[in-house]
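Working notes, structure below.
Everything numeric here is computed off the predicted structure, so don't read it as measured data.
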Amino acid sequence: MVEFFISAVSNIFYIFFAFSLVIFIHEFGHYYIGKKCGIGVREFSIGFGPKLLGFRDKSDVVWKICILPFGGFVKFEGDLDPISLSSKNNNFSKNTNHFNNASVISRALTVSAGPVANFLLSIIIFTSIILVNGTASDKPRIGNINNIPFQEFKLKSGDLVLEINGKPINYFSDIFVKYNEINEDEDIVFLVKRNEEIIKFLVPNLFQPLIKSIEPLSPASKAGLLPGDFILKVNETNILSFNELKKIINESNGASIELDVYRNGTIFKSILSPEKRPIENQDGSFSETLRIGIIGGFALEPQKITPNPLNAIQFGFLATYRVISGSLRGLFEMINGSISAKHVSGPIGIAHAISDVSKNGFISFLSLVGLISTGIGIINLFPLPILDGGHLLLLLYEKVFSKKPSPNFMQFFTFVGIFLLLSLMIFATYNDLLRIIL
């Protein structure tokens, strides 16, 4: 009971921390740039509804945390009601620090600062992760060896791989290439250099059904499987490789399968149903395949090297760009029907994903925060009212036509935008509830 309570409190902390951090950074982007552009600020809120905590700073800005943490806002000086921003409603004060009286450029910078801040947070997170974890060296020297139950590996960390089955190895990636060329029933012979000694080893299968990580919101996650678990049997049939597991799942047609799982000296059974889940192909497109949401662990891992700060920052930028481009491609694939829209998640699904990933360690949790931050930045750039993208679209209209939209257009634009956002939230929440129930 105590363990359950500690786990629940820990999950709540992770969820609250992730949402609060991403929202705070987004709103602080608006706040900071707005201040720099000379726009006055009245309130800075994390969450909506009744206030839990708050204070007023020296510049008379009210900072507060509200009871519903899924959102936030910065209230600038001046009326921000979209209808009052129209060209026929200019009853607001002519105070120079009012949002409505700022230049189009100042307002555009202030509005876009939120998503940009989210992207910068992602870059910082991914850069920090690569600095802490290091990056894989392509030298064929063995780093970590994953613990596989009932198997004795004579290979050791630090061994330099020279040959596999008589074929030379020049880079660590060659190990994967040569391994894939070997039949599963064929012996695997490694020739390695250990210190100054050349040694030959007969090595067991290196891609056994060892779980390296669990995908959030997946059948494996709901079944309680964890990284480090080892799958012994599927439907009472012994399996010796991860490929055998994949084959059984692909041939299951979504029917339930029973796993015999080894964990910390004990064996237990787990029943779960494979489901169609999106996977990114080598050409960047997406497709759906039957999966249970586990990623296998190759027995051998390369040594890690710490990159210099410049390379780490480049990695952070590249990782964030890949998340943005992958998210947009996934959205287009949903629109054209290549993958199902049932994978769209709302706040409930994201909270469950945070809870799932936190079990894999702080680095995995931090990676998910980076993904969420990028996702929040992308969504806020959609050209819908209430969202930053909608405000930018209106500012573009004002810049091009030198006037604000009419009150009737603003009413219609706001109504359509709110309707679409509410529809999306209802649909995403429906998906989330289905995942919990089924």
Side-chain angles (χ1 to χ4, degrees), residues 23-49 59-64 66 70-120 324 328 331 375-426:
I23 294 168
F24 175 81
I25 292 297
H26 180 92
E27 299 304 333
F28 189 79
H30 291 312
Y31 167 85
Y32 181 79
I33 297 300
K35 280 275 197 178
K36 288 294 183 181
C37 291
I39 300 172
V41 180
R42 288 185 182 179
E43 294 181 7
F44 186 111
S45 176
I46 301 299
F48 299 100
S59 60
D60 210 32
V61 178
V62 175
W63 298 72
K64 60 183 181 179
C66 296
F70 306 119
F73 63 89
V74 175
K75 187 174 183 181
F76 293 102
E77 292 286 353
D79 188 358
L80 290 182
D81 179 3
I83 297 175
S84 73
L85 299 181
S86 66
S87 58
K88 295 184 179 180
N89 196 333
N90 294 318
N91 295 324
F92 51 82
S93 169
K94 296 300 181 180
N95 195 317
T96 56
N97 73 341
H98 280 201
F99 184 88
N100 296 330
N101 294 330
S103 68
V104 172
I105 297 299
S106 294
R107 282 179 281 158
L109 289 173
T110 301
V111 169
S112 59
V116 171
N118 282 130
F119 298 145
L120 288 176
I324 294 172
L328 293 177
L331 177 62
I376 292 296
I378 294 171
I379 291 173
N380 269 278
L381 288 175
F382 287 174
L384 297 174
I386 302 177
L387 298 180
D388 298 325
H391 288 298
L392 290 173
L393 188 63
L394 295 175
L395 290 171
L396 177 63
Y397 176 94
E398 183 179 341
K399 185 68 175 178
V400 172
F401 296 101
S402 299
K403 64 178 182 179
K404 295 183 174 117
S406 68
N408 289 337
F409 174 81
M410 288 302 303
Q411 287 179 332
F412 176 77
F413 189 54
T414 303
F415 172 79
V416 171
I418 292 175
F419 173 79
L420 291 175
L421 284 175
L422 286 176
S423 299
L424 178 61
M425 287 297 297
I426 292 171

Exercise. So how far is it from Met410 CE to Leu394 CG, rounded to the nearest 0.5 Å?
Worked result: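 Interatomic distance, Met410 CE to Leu394 CG, rounded to 0.5 Å: 4.5 Å.
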Exercise. In Å and rounded to the nearest 0.5 Å, what is the CG to CZ distance from Leu396 to Phe401?
Worked result: 8.5 Å
Exercise. Just wondering, do Phe44 and Lys64 contact through their side chains at under 4.5 Å, heavy atoms?
Worked result: no
Problem set entry | Close side-chain approach of Leu420 and Phe382, heavy atoms under 4.5 Å | no
Exercise. Taking NZ, NE, NH1 and NH2 as the nitrogens, is one of them in Lys403 or Glu398 under 4.0 Å from a carboxylate oxygen of the other?
Worked result: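 No.
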Residue pair [X] / [Y]: nearest heavy atoms and the distance that separates them:
{"X": "Leu393", "Y": "Phe413", "answer": "CD2-CZ, 4.1 Å"}
{"X": "Gly47", "Y": "Phe73", "answer": "O-CE2, 4.2 Å"}
{"X": "Asn118", "Y": "Ile25", "answer": "N-CG2, 4.2 Å"}
{"X": "Cys66", "Y": "Gly49", "answer": "SG-O, 3.4 Å"}

Could you pull out all donor-acceptor pairs under 3.5 Å where a side-chain atom in residues 28-39 meets a protein atom, sequence neighbours excluded?
unit_1: His30; atom_1: ND1; unit_2: Thr110; atom_2: O; d: 2.7
unit_1: His30; atom_1: ND1; unit_2: Val111; atom_2: O; d: 3.4
unit_1: His30; atom_1: NE2; unit_2: His26; atom_2: NE2; d: 3.1
unit_1: His30; atom_1: NE2; unit_2: Asp388; atom_2: OD1; d: 3.4
unit_1: His30; atom_1: NE2; unit_2: Asp388; atom_2: OD2; d: 3.3

Exercise. Per the side chain to side chain contact (heavy atoms under 4.5 Å, CB included) rule, which among Lys75, Glu77, Arg107 passes with Phe99?
Worked result: Arg107
Problem set entry | Pair Ile378-Phe119, side chain to side chain contact (heavy atoms under 4.5 Å, CB included): steps then yes or no | CA-CA 9 Å; Ile378 294 171; Phe119 298 145; 4.1 Å; yes
Problem set entry | Partner residues of Phe412 under the ring pair (Phe, Tyr, Trp, His ring centres under 6.0 Å) criterion, sequence neighbours left out | none
For this session: Quick one: list whatever passes ring pair (Phe, Tyr, Trp, His ring centres under 6.0 Å) with Phe415, sequence neighbours left out.
Result: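 Phe415 satisfies ring pair (Phe, Tyr, Trp, His ring centres under 6.0 Å) with no other residue.
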Exercise. Stepwise, does the side chain to side chain contact (heavy atoms under 4.5 Å, CB included) test hold for Leu381 with Leu387?
Worked result: CA-CA 7 Å; Leu381 288 175; Leu387 298 180; over 6 Å; no
Exercise. Does the pair Ser112 and Leu392 meet the rule for a side chain to side chain contact (heavy atoms under 4.5 Å, CB included), with working shown?
Worked result: CA-CA 7 Å; Ser112 59; Leu392 290 173; 4.2 Å; yes
